[in-house]
Number of protein chains: 2
Amino acid sequence: MAKEFHAYIFDRGDRIHVKMGKTLFCEGDPAQRCYFVLKGRLKLTKLHEQGKTVVVRYINPGELTAAISVFKGKSYPVTAQAAAAAEIIGWNKKVMVDLMEEFPQLAVNMLRVAVDRLDDLQTRYLELCAEQVEQRIARALLRIMRQSGLKTEDGILIDFRLSRQELAEYTGTTLYTVSRALSAWEKKGWVISGRERITVSDPHALVLFAENG
Amino acid sequence: MAKEFHAYIFDRGDRIHVKMGKTLFCEGDPAQRCYFVLKGRLKLTKLHEQGKTVVVRYINPGELTAAISVFKGKSYPVTAQAAAAAEIIGWNKKVMVDLMEEFPQLAVNMLRVAVDRLDDLQTRYLELCAEQVEQRIARALLRIMRQSGLKTEDGILIDFRLSRQELAEYTGTTLYTVSRALSAWEKKGWVISGRERITVSDPHALVLFAENG
DNA sequence: GAAAGTCTTTGCGCCTGCGCAAAGACTGAA
DNA sequence: TTCAGTCTTTGCGCAGGCGCAAAGACTTTC
């Protein structure tokens, strides 16, 4: 696919800015637009009846979200918030359908995205069933690090605000347990953590721990 | 889509019988065929490094499986076993690709399947994070009942062999916990359970319990 | 129909991880 | 600079649920 191809498709959408913490769309709303993240980061969450929130995934720059819901013509299954100030392109349903007719390759790409997400979620489902809490937190941290890590002199810094609470919602535990794990790892020299800020200083040790408990 | 259309597509595949408990394909094997279940039931599982097995989903009559893996050209992400003697149609990759070119509607259907599975898994992921064990077991039982329930005079019978162990693997717990829950529910008159056999005698009570803990 | 094999039940003890509470640390706005 | 607001830490107690073990029930096979 050529550059002009991308440019053409991007031009057919609307450029949107979302401030840190603001909501782009809500679980249950009719799915009318899909989005592509240029910059920043979206957090997709699902709310449980009893009030608990779960982070389903993060959408990083270069990734698409909600395309599938729009295609299916149902409501959004998750809520999207900006985990960091984000620059986004949004397409209305009609435009999207037109584009897909014009470029069938788009549909194939969408299928690929869906498959990857399904794989990822199956793997995390397995982890959630089979692993101890601390192991899951380690894996989650490594996963986020790989997607959003910035090399610094102290190690690999996660380049967006990530609170203990959020990490807990991503791993299916509580903020207390995450806090305790991070404190323990800090003592071992594996991570350096501050308020909503985590640097992995010894990724190798963390990988070993994630794999062997 | 007309009847002949279905017949034509089915004729292009091979009819396969899988005996109860036998394996159709294994996690990690290259994905060369996809399958449609006519009769019986497939159990899709994933194996964790530390030896634990998790049931990812059941494939019921009328459902497709592995189509997406074949399409993607990777290896199977799960293992498929027959939870009950099954009659299946299988297509090789090449045939499948040809069919999809001939009938573009097939690709759209596949995307729809992928989306539904993703939705389902997101919901179960949420449940696994947010709910107590017994509540999850109740929900799982109800889900299975809706898909494979047979009305009898005692209530709704799950029409295939389902052990405590399997129910545990489906809900992310242990066979002991499942056994205790079923015993307790039996005392309350909500279910009647025997060896690998469960009848839900009071679905309404179970729904209430699943929703409110 | 007896024996082997598998699945289920249940008592008991233990441990992981939850949840409250209260104090401390950091941030951002006025 | 101060103060409110939010995020984090950590002690403490508790309980949900795990896991073993051993006995009991049901199937299948020969």
Side-chain angles (χ1 to χ4, degrees), chain A residues 19-21 43 48 50-55 81 83-85 127-138 140-141 158 160-188 191-199 209 213, chain B residues 19-21 43 48 50-55 81 83-85 127-138 140-141 158 160-188 191-199 209 213:
Chain A
K19 284 191 188 135
M20 154 92 199
K43 181 175 74 170
H48 191 264
Q50 274 126 51
K52 208 165 175 176
T53 300
V54 170
V55 175
Q81 279 178 286
E127 287 171 12
L128 193 54
C129 282
E131 284 171 4
Q132 306 266 90
V133 180
E134 293 210 339
Q135 217 175 335
R136 274 165 18 220
I137 300 173
L141 197 53
I158 287 166
F160 67 102
R161 283 156 158 245
L162 180 67
S163 69
R164 309 291 185 264
Q165 176 71 41
E166 282 173 313
L167 202 43
E169 287 169 359
Y170 189 60
T171 49
T173 179
T174 62
L175 87 123
Y176 308 109
T177 302
V178 171
S179 176
R180 283 185 254 264
L182 288 178
S183 296
W185 296 343
E186 188 139 20
K187 284 204 185 78
K188 292 187 189 179
V191 303
I192 304 162
S193 77
R195 183 195 174 100
E196 294 181 317
R197 191 187 153 86
I198 304 175
T199 302
F209 176 80
Chain B
K19 285 192 188 132
M20 153 91 199
K43 181 176 75 170
H48 190 263
Q50 276 126 51
K52 208 165 176 177
T53 300
V54 170
V55 176
Q81 280 178 283
E127 286 171 15
L128 194 52
C129 283
E131 282 171 4
Q132 305 268 86
V133 180
E134 293 210 338
Q135 217 175 334
R136 269 160 28 213
I137 299 173
L141 198 53
I158 287 165
F160 66 103
R161 285 156 156 243
L162 179 67
S163 69
R164 310 290 186 266
Q165 175 71 41
E166 283 173 312
L167 201 44
E169 287 169 359
Y170 188 61
T171 49
T173 178
T174 62
L175 86 121
Y176 309 108
T177 302
V178 171
S179 175
R180 283 185 254 262
L182 287 178
S183 296
W185 297 343
E186 188 138 22
K187 285 205 185 80
K188 293 189 190 179
V191 303
I192 304 163
S193 77
R195 183 196 174 98
E196 293 181 314
R197 193 185 151 86
I198 304 174
T199 301
F209 176 80

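Quick note on labels: first sequence line is chain A, next is B, and so on, each numbered from 1. Computed from a predicted model, the values in this text were never measured in an experiment.
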Separation of [X] atom [atom1] from [N] atom [atom2], in whole Å?
X: A:Ile137; N: D:dT8; atom1: CD1; atom2: P; value: 13 Å
X: B:Leu167; N: D:dG17; atom1: CG; atom2: P; value: 15 Å
X: B:Tyr176; N: D:dA21; atom1: OH; atom2: C1'; value: 8 Å
X: A:Glu196; N: D:dG5; atom1: CD; atom2: C1'; value: 12 Å
X: B:Gln165; N: C:dT6; atom1: CD; atom2: P; value: 13 Å
X: A:Arg164; N: C:dA25; atom1: CZ; atom2: C1'; value: 12 Å
X: B:Arg161; N: C:dT8; atom1: CZ; atom2: C1'; value: 14 Å
X: A:Leu175; N: D:dT9; atom1: CG; atom2: C1'; value: 10 Å

Contact under 4.0 Å: B:Ser183 side-chain N or O vs C:dT8 OP1/OP2: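 So the side-chain polar atoms of B:Ser183 never come under 4.0 Å of the phosphate oxygens OP1 or OP2 of C:dT8.
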Look at B:Ser179 and C:dT9 and indicate whether a side-chain polar atom (N or O) is within less than 4.0 Å of OP1 or OP2. yes
Where is the tightest heavy-atom contact between A:Glu134 and A:Phe209, given as atom of each residue plus distance?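 It is O-CE2, 3.5 Å.
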Least distance between heavy atoms, B:Lys52 atom then A:Cys129 atom: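 Here B:Lys52 and A:Cys129 meet closest at NZ-O, 3.4 Å.
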Would you state whether a donor and an acceptor, one from the side chain of A:Arg195 and one from the base of D:dT6, lie under 3.5 Å apart?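 Answer yes: a donor N or O sits under 3.5 Å from an acceptor.
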B:Ser163/B:Glu196 under side chain to side chain donor-acceptor pair (under 3.5 Å): CA gap, chis, key distance, verdict: CA-CA 4 Å; B:Ser163 69; B:Glu196 293 181 314; 4.9 Å; no
Taking [X] for its side chain and [Y] for its backbone only, find out whether a donor-acceptor pair lies under 3.5 Å.
X: B:Thr177; Y: B:Thr173; result: no
X: B:Arg136; Y: B:Thr171; result: yes
X: A:Glu131; Y: A:Leu128; result: no

Could you check if a side-chain atom of A:Leu175 sits within less than 4.5 angstrom of a side-chain atom of A:Gln165, using non-hydrogen atoms only?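 A:Leu175 reaches A:Gln165 side chain to side chain.
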Please list, pair by pair, any protein nitrogen or oxygen found under 3.5 Å from a nitrogen or oxygen in nucleotides 12-17 of chain C.
| from | atom 1 | to | atom 2 | distance (Å) |
| --- | --- | --- | --- | --- |
| C:dG17 | OP1 | A:Val133 | N | 2.9 |

Students often get this wrong, so: under 4.0 angstrom with heavy atoms, is B:Arg197 touching a base, only sugar-phosphate, or nothing?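 Here B:Arg197 touches no strand at all.
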